[in-house]
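Sequence lines set the chain letters: A, B, ... in the order given, protein chains first and strands last, and positions in each chain run from 1.
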Protein chains: 2
Amino acid sequence: MKIEDKLLKNKVKPTAMRLLVLRKLMERNSAIGLTELENLFDKVDRTTLYRTLKTFEKNKLIHSIDDGTGMTKYALCLEGCECNPEDLHVHFHCNNCKETFCVTDTGIPLVQLPMNFKLEEINMVIKGICSSCK
Amino acid sequence: MKIEDKLLKNKVKPTAMRLLVLRKLMERNSAIGLTELENLFDKVDRTTLYRTLKTFEKNKLIHSIDDGTGMTKYALCLEGCECNPEDLHVHFHCNNCKETFCVTDTGIPLVQLPMNFKLEEINMVIKGICSSCK
DNA sequence: AAACCGGTGCAATAGAGTTGCAAAGTTTTA
DNA sequence: TAAAACTTTGCAACTCTATTGCACCGGTTT
Ligand SMILES: [Mn+2]
Ligand SMILES: [Mn+2]
Ligand SMILES: [Zn+2]
Ligand SMILES: [Zn+2]
């Protein structure tokens, strides 16, 4: 699918900046943080990138990931993702290359909570060594 | 066990400050953040508390928790905890009262990782409504 | 008594995230 | 087509947590 169409499909007006950012995101197979994204460009404004990511997130183009590094990461949503609980998945953070990946092929396992605790969301991050660093 | 003995057992010199802090931690059933801890006292220095917590953590008296709120929380380790992978457990964060709890009665479930990914640690945080807020 | 040392207090800094505001660009309306 | 209205972008300022440097203090060892 063309990049522009992807934006339109999610009701995001395809500005020049947004096309550039979405392209960068699509070129990756790992999640990316704001500062990292900023460094992929020669000269962009951090705030604009920040707001671009927020817009993408609001429109379910990407989801944010808290991998425990202190920097929020973002990764493309899968086709048709609504960011509902059932779309949640595990994330993997490589302690060597520091990349963070979505592990979408298997869901998050259930956990027995204490009596009268009600689950709403889960964040599960596994750290270790990725296949490229093995 | 007396508070002082608990410190000694973990090779932490029992200063006045440390006794105070450990007492506060033991009075709680939920994890606590630095700023929160600071507010439990009339007048203490934040840095001292910070270093006290770091010392406790290094000596396996407490473990730190990244519950995704942006503030590192700390909770007492169970008797004999060595903070090894097998001591890891799920944490629960209540979206209503904002308290974070250790869920120590059940381990973290296993997850099937992609080929050649090696697991080293896991952080699993469940958010929802706790029993007190139900 | 002097040197030593861990612990404490205060000030300063780092780094990520976020907001306010005005300029620039687009779209809608008259 | 020109004005009005709305959206996007750029810059500066600010918040908040974590962290560090350094001097001081009190107890212990030489
Ligand atoms: Mn993901
Ligand atoms: Mn815990
Ligand atoms: Zn790696
Ligand atoms: Zn609660």
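- Aromatic ring centres of B/Phe56 and B/Tyr74 lie farther apart than the 6.0 Å criterion allows.
- Contact annotation: B/Lys54 side-chain N/O to D/dA18 OP1/OP2 distance is not under 4.0 Å.
- Side-chain N/O atoms of B/Arg18 include one lying less than 4.0 angstrom from OP1 or OP2 on C/dG7.
- For A/Thr47 and D/dA12, the shortest distance from a side-chain N or O to OP1 or OP2 is not below 4.0 Å.
- Atoms CG (B/Leu34) and C1' (D/dC16) sit 12 Å apart, rounded to a whole Å.
- One interatomic measurement links the two molecules: OH of A/Tyr74 to C1' of C/dG17, which rounds to 9 Å at whole-angstrom precision.
- The phosphate of C/dG9 (OP1 or OP2) has a side-chain N or O of B/Thr48 nearer than 4.0 angstrom.
- The distance between atom CD of B/Glu38 and atom C1' of C/dC10, rounded to the nearest whole Å, is 13 Å.
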Criterion salt bridge (Lys or Arg N to Asp or Glu O under 4.0 Å) on B/Glu99 and B/Lys73, from CA distance to verdict
CA-CA 10 Å; B/Glu99 297 288 337; B/Lys73 305 287 172 62; over 6 Å; no

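- Checking side-chain atoms of B/Arg18 against main-chain N and O of B/Val12 turns up no donor-acceptor pair under 3.5 Å.
- Between B/His89 and B/His91, the distance from one ring center to the other falls under 6.0 angstrom.
- Across C/dG17, D/dT9, D/dT17, the shortest atom-to-atom separation from the side chain of B/Thr35 is found for D/dT17.
- Atom P of nucleotide D/dT8 and atom CG of A/Leu53 are separated by 15 Å, given to the nearest angstrom.
- Rounded to an integer number of Å, the gap from A/Phe41 CZ to D/dG10 C1' is 15 Å.
- Side-chain N/O atoms of B/Thr55 include none lying less than 4.0 angstrom from OP1 or OP2 on C/dG7.
- The separation between A/Glu57 atom CD and C/dT18 atom C1' is 14 Å, rounded to whole Å.
- A donor-acceptor pair shorter than 3.5 Å cannot be found between the side chains of A/Thr106 and B/Gln112.
- Using a 4.0 Å heavy-atom cutoff across all strands shown, A/Lys43 reaches no nucleic acid atom at all.
- Side chain B/Arg51 to base C/dG6: no donor-acceptor pair is found below 3.5 Å.
- A/Arg46 places its CZ atom 14 Å from the P atom of C/dT19, with the value rounded to the nearest Å.
- Spacing between atom CG of B/Asp45 and atom C1' of D/dC22 amounts to 13 Å, rounded to whole angstrom units.
- Within the 4.0 Å cut-off from OP1 or OP2 of D/dA18, at least one side-chain nitrogen or oxygen of B/Thr72 is found.
- In this structure, of D/dT19, C/dC10, C/dT8, it is D/dT19 that holds the atom nearest to the side chain of B/Tyr50.
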